[in-house]
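We number each residue from 1, following the sequence as shown. Counting starts at 1 for both ligands and their atoms, following the listed order.
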Amino acid sequence: MLKLVVLISGSGSNLRALLEACDSGSLPATVVAVGADNHAPGLAHAREFGVNTFVVEPSEYANREAWGQAFLAAIETYGPDLVVSAGLMRILPADVVRALSPRLINTHPALLPLFPGAHAVRDALAAGAKETGVTVHVIDEGVDTGPVIRQAKVQIEPGDTETELHERIKVVERQLLVDVIRDIAENNINLEELNPHGRP
Ligand code: GAR
């Protein structure tokens with residue numbers, strides 16, 4: 001059973017999809033803890049499923065490196081096999097990435113390398129794109145630059161608002177994230193081969 005720590009900042013709908021998939025037995029994994037950088041509403045999903053939560057707020061640390069070390073220590077308490085950034089809206093410091101790589105993945109609401117960063121859906125609309133989508137990738141030290149594991153496309157409809165488009169992306173995203181983690185759990189995806197740091 002793959003032990004997951006899931007990291008969030010917001011509503012946690014991807015987290016909820018993971019919790020439900022683990023609970024129903026459709027995903028051979030278990031969420032051992034959910035961490036956040038703020039008292040995110042999505043933490044309620046973890047509590048509902050009886051999963052441990054932790055909050056490590058940057059404002060309580062002298063700098064982002066110190067915050068990162070505290071966040072990493074909390075993550076490592078749970079001995080995860082895989083750490084899943086599912087809506088964590090903060091860049092992890094390089095030391096944290098190196099400590100967890102390559103068993104550290106992220107889901108991003110765009111077809112990377114297009115539209116990295118915190119406003120991917122808005123940026124796709126502003127660029128007049130006809131399609132966008134979701135990318136699940138290994139986290140490296142850049143901003144949404146790590147090796148792509150899998151992507152799925154979503155059409156942009158005329159008149160789409162950012163909220164409407166993001167909701168349609170999230171429907172696809174939840175399924176893609178569950179499918180990728182199932183493939184990792186079943187050894188159909190080998191993260192070591194995608195290792196952005198070239199470790200043996
Ligand atoms: C998701 O769409 C995720 O891809 C995105 O935030 C949303 C979180 O939704 N992450 C990023 O934009 C990171 N750059 P959720 O809290 O409902 O799962």
List the steps, then state whether side-chain contact (heavy atoms from CB on, under 4.5 Å) holds for Arg103 with Val83. CA-CA 6 Å; Arg103 304 194 71 77; Val83 179; over 6 Å; no

Show your reasoning for whether side-chain contact (heavy atoms from CB on, under 4.5 Å) applies to Trp67 and Leu92. CA-CA 9 Å; Trp67 167 76; Leu92 291 168; 4.1 Å; yes

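Considering backbone and side-chain atoms alike, Asp144 places every N or O at 3.5 Å or more from each N or O of ligand 1. Between Gly12 and ligand 1, an N or O atom pair is found at a separation short of 3.5 Å. The N/O atoms of His108, backbone and side chain alike, include one that comes under 3.5 Å of an N/O atom in ligand 1.
Residue Thr107 has at least one heavy-atom neighbour below 4.0 Å for each of these atoms of ligand 1: 3 (C), 4 (O), 10 (N). Annotation for ligand 1: atoms under 4.0 Å from non-hydrogen atoms of His166 are 1 (C), 2 (O), 7 (C). Every atom of ligand 1 with a heavy atom of Asn14 under 4.0 Å away is listed here by number and element: 1 (C), 9 (O), 15 (P), 18 (O). Listed by number with element, the atoms of ligand 1 under 4.0 angstrom from any heavy atom of Gly117 are 14 (N).
A salt bridge is absent between Arg168 and Glu164: the closest approach of a Lys/Arg side-chain nitrogen to an acidic carboxylate oxygen does not fall below 4.0 angstrom.
The OG atom of Ser11 lies 11.0 Å from the CG atom of Leu43; values are rounded to the nearest 0.5 Å. Taking CZ of Arg98 as the start and CG of Asp140 as the end, the distance is 11.5 Å to the nearest 0.5 Å. Going from atom CD of Gln151 over to atom CD1 of Ile149 covers 11.0 Å, rounded to the nearest 0.5 Å. Here OG1 of Thr132 is found 7.5 Å from CG of Leu114. Values are rounded to the nearest 0.5 Å.
Between Gly42 and ligand 1 there is no heavy-atom distance shorter than 4.0 Å.
Protein heavy atom at the shortest distance from atom 12 (O) of ligand 1 is Pro109 CD, 3.3 Å. Protein heavy atom nearest atom 6 (O) of ligand 1, with residue, atom name and distance: Gly87 CA, 3.8 Å. Residue, atom and distance of the protein heavy atom nearest to atom 4 (O) of ligand 1 are Glu173 OE2, 2.4 Å. Atom 13 (C) of ligand 1 has Met89 SD, 3.6 Å as its closest protein atom, hydrogens excluded (heavy atom only). For atom 15 (P) of ligand 1, the closest non-hydrogen atom on the protein side is Ser13 N, 3.4 Å.
Relative orientation of the His137 and His108 rings is perpendicular, given thresholds of 30° and 60° on the angle between their planes.
Under the 4.5 Å side-chain heavy-atom criterion for ILVMFWY residues, no single connected hydrophobic cluster contains both Val148 and Ile181.
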